[in-house]
Amino acid sequence: MPQIPFILSVVTFLPLVGAGLILLARLLGKGDAAGAARWIALVTTLATLAVSAVLVAGFDASNAAYQFVARDGW
């Protein structure tokens, strides 16, 4: 399985993107904002679940070292 170095960032910040979209839908106020918020929340939750499933599928239980480590220079 190819290593995706930004997958931890995606799992962390995807709910934040969903919250921003819900805020944007609320601020625009076109149509049913509560219904739009529910759909945005559902799609964001399912996308986060899918990305998390990729992490679980790529986890190697026989390896004692840290896995899915993001190393970036500051």
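Between T48 atom OG1 and L14 atom CG the span is 4.0 Å, to the nearest 0.5 Å. One distance of note links CH2 of W39 with CD1 of I22; it measures 13.5 Å at 0.5 Å rounding. To the nearest 0.5 Å, atom OG1 of residue T45 and atom CD1 of residue I40 are 11.5 Å apart.
Placement of V54 and L8 within a single hydrophobic cluster is found when ILVMFWY residues are connected by side-chain heavy-atom separations under 4.5 Å, directly or transitively.
Residues passing the side-chain contact (heavy atoms from CB on, under 4.5 Å) test with V17, sequence neighbours excluded: L21.
For F68 against I7, the heavy-atom pair with the smallest separation is CD2-CG2, 4.3 Å.
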